[in-house]
There are 2 protein chains.
Amino acid sequence: MPTIRDVARAAGVSPATVSRALNGSGYVSPETRQRVLDAAARLGFTPSYIARSLVRKATRTLGLLVPDITNPYFPAIARGVEDAAARAGYSVVLCNTDGDPDHEEDYIQFLRERQVDGLVLIASSPRAGELVARGDAPPVVFVDRVPPGARADVVVVDNRRGMLEATRHLLALGHRRIGFVAGRVGSGTAEERLAGYLAALGEAGIAPDSHYIAPGDFTFQGGYQAARGLLSLPDRPTAVVAANDLMAVGVCRAALEAGLRIPQDLAVVGYDDIPMAELIHPPLTTVAQPTYQMGELAARLLMERLEGRAGPEPRRVVLEARLVVRESCGAALAAGGRGG
Amino acid sequence: MPTIRDVARAAGVSPATVSRALNGSGYVSPETRQRVLDAAARLGFTPSYIARSLVRKATRTLGLLVPDITNPYFPAIARGVEDAAARAGYSVVLCNTDGDPDHEEDYIQFLRERQVDGLVLIASSPRAGELVARGDAPPVVFVDRVPPGARADVVVVDNRRGMLEATRHLLALGHRRIGFVAGRVGSGTAEERLAGYLAALGEAGIAPDSHYIAPGDFTFQGGYQAARGLLSLPDRPTAVVAANDLMAVGVCRAALEAGLRIPQDLAVVGYDDIPMAELIHPPLTTVAQPTYQMGELAARLLMERLEGRAGPEPRRVVLEARLVVRESCGAALAAGGRGG
DNA sequence: TTGAAAGCGATACCAC
DNA sequence: GTGGTATCGCTTTCAA
């Protein structure tokens, strides 16, 4: 590996001049610059980022903490982060926390040692909020989930609003008995989505019926089990909305096994718009999260802050979810609809 | 940020001693060590990885190049890499190449500058082989795909064998007219899978019929289109195997639209066992790639090599794919089966 | 416009 | 056992 001194020697100048020529900083005559460039090319010189980072005190590296890259919801966020970072010459270190607060903390410490400039954090632990409060922590932007009391930039989406739209859609189609498969208790996201469902019902003057609200856990199995309960109710719902797509797919399975056709006998709507949503049969009506955009935006906010292009106050950007109507809800219910 | 000198001062020793105490290298009296540890804790000292990397000439960082983390096939590989790396105290930098040889090269250069110790490469370009041949390139292990002539460690799976098993399964069920939806031409993986299909047919004494082999491109749409062709053949196949799951799902869709039931009217098998394979209806019989294991193994091979624990000759590990029988092929065909 | 030299923060060799 | 110090490769004043 040739160093800057080798180039300097080969070009007959000093290391300082090589540095300037290569970085375009400071004055250097066109002829000298050319000689340096030639020498560098000839030697196959690659500047050492390590050495540079040491003096500049910046690594141009971002840490990305996701619960599990294997969960279909996260790759698009990661991709958004990586694309934005790459465009700006940053690299991103991927970490899977498994939603475990201890892993999360260990990784944050690990990344701190490695001098990453900042963190994009899809937080699982409430503790994550404290971590960023510590003076020596790198700047953080929270994506998707915000731990309570975190004074940092955040990028979230309006879950309540998204679920409101989804439920309204069902209401507009004439459904009155609408089941809800909830997310994991204690999850802010789950609560917001439930709130959206409840709000839509309220608008329509429908009193929520606790029998129609089944506990879930964001998994396929959870959705399947919940739906079996819902579908065996005496007054079974004519539609069900699940707090995420994986559970909605479980609902579809349960319906199928119960001999129900979708959407004719049961309308289903999911949430997230994971890739498989449009590939299953029938294609699932769902609420799309702007996941790629979330990641991209988060990285941009973070880099802005790192480069001093952001004010001191934390920024909060709330993205809108978008209802994607496909075929799992069919057309409007016939007046006087089915089932009693 | 306190430095090692601050700790030294606080503990009343020299920086050298602090380094030894903290790293457990060299002799340090128990009392001194304790004083150093206390001082370090008190100051909240975190050693600078940057500075350490500069002198040690190793960053304990791996580069991971995948075509697109958003493609459901890759997250498990990435997770395997990350887990193995994390266990050994390495971090991993994620890069999406989009299967573009130029991006790939740019990233390799980018990572070289950043002094990553080694690369896990899911290569898209044949050129990738040359890159590792260059003397100044970091050690590489190729995963899943191996560019021609690459002298480096590789972790692959036996695609031919996997597809052989899959096709045999159909044959054992009594199918004789078996359609094949191929992968993108020029893809080694696609060719190996086709070879497996052909080999199975050969074993059964069935002459391959080119009408039954439809070109595909590894996408849902591609599978859908290919199946439409296959299903409108005068002597339509009673089973079709697709070179990957996404296409198999497309095949299912086309079958459904043609009024065919799966598996009663058409047996379908896919390849890859992506997460959605078991969630669709009917659950897809497919060939599982040991993706997580591939990533994990790749990272381990790489780290072994980086740490001088590997011999000079390139290693090639070939993992076995595993047929996962679910419900999309049903039971054996009745003797004298359908269609003619 | 260019060069000398002082770091950046840790490690490791060599004395003592 | 412990301390001084050169060194890793680059950037960046400060002088010339």
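Fair warning: this is a prediction, and the values are worked out from it, not measured in the lab. Side-chain atoms are counted along with the backbone in the values below, which use heavy atoms only and exclude waters and symmetry mates. Just so it is clear: chains get the letters A, B, ... in the order the sequence lines come, proteins before strands, and each one is counted from 1.
Contacts of B:Arg112 classified as salt bridge (Lys or Arg N to Asp or Glu O under 4.0 Å), with partners at least two apart in sequence or in another chain: B:Asp136. For B:Ser19, the side-chain contact (heavy atoms from CB on, under 4.5 Å) partners are B:Ile4, B:Asn23, not counting sequence neighbours. Residues meeting the side-chain contact (heavy atoms from CB on, under 4.5 Å) test with B:Val55, sequence neighbours left out: none. The side chain to side chain donor-acceptor pair (under 3.5 Å) search around B:Glu320 returns none, not counting sequence neighbours. The side chain to side chain donor-acceptor pair (under 3.5 Å) check on B:Asp153 picks up B:Arg305, B:Arg315, with sequence neighbours excluded.
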Each nucleotide in nucleotides 3-15 of chain C should get exactly one letter: B, S or -. Can you fill that in based on protein heavy atoms under 4.0 Å? BB---BBBSB---
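Within the structure, the salt bridge (Lys or Arg N to Asp or Glu O under 4.0 Å) test picks out the following pairs touching residues 39-63 of chain A (sequence neighbours left out): A:Arg60-A:Glu307. Identified under the salt bridge (Lys or Arg N to Asp or Glu O under 4.0 Å) test for residues 61-83 of chain B, with sequence neighbours left out: A:Asp68-B:Arg79, A:Arg79-B:Asp68, A:Asp98-B:Arg79, B:Arg79-B:Asp83. The stretch residues 117-128 of chain A participates, sequence neighbours left out, in these salt bridge (Lys or Arg N to Asp or Glu O under 4.0 Å) pairs: A:Asp102-A:Arg127, A:Glu105-A:Arg127. Contacts classified as salt bridge (Lys or Arg N to Asp or Glu O under 4.0 Å) and involving residues 1-17 of chain B (residues at least two apart or in different chains) are given here: B:Asp6-B:Arg9.
Counting only N and O atoms by type, the side chains of B:Asp144 and B:Tyr73 include a donor and acceptor under 3.5 Å apart.
Chain B approaches DNA chain D within less than 4.0 angstrom (heavy atoms of the protein), and the contacting nucleotides run 5' to 3' from D:dG1 to D:dG9.
Axis deviation across the helix from C:dT1-D:dA16 to C:dC16-D:dG1 amounts to 40°, comparing end segments of five pairs, rounded to 10 degrees.
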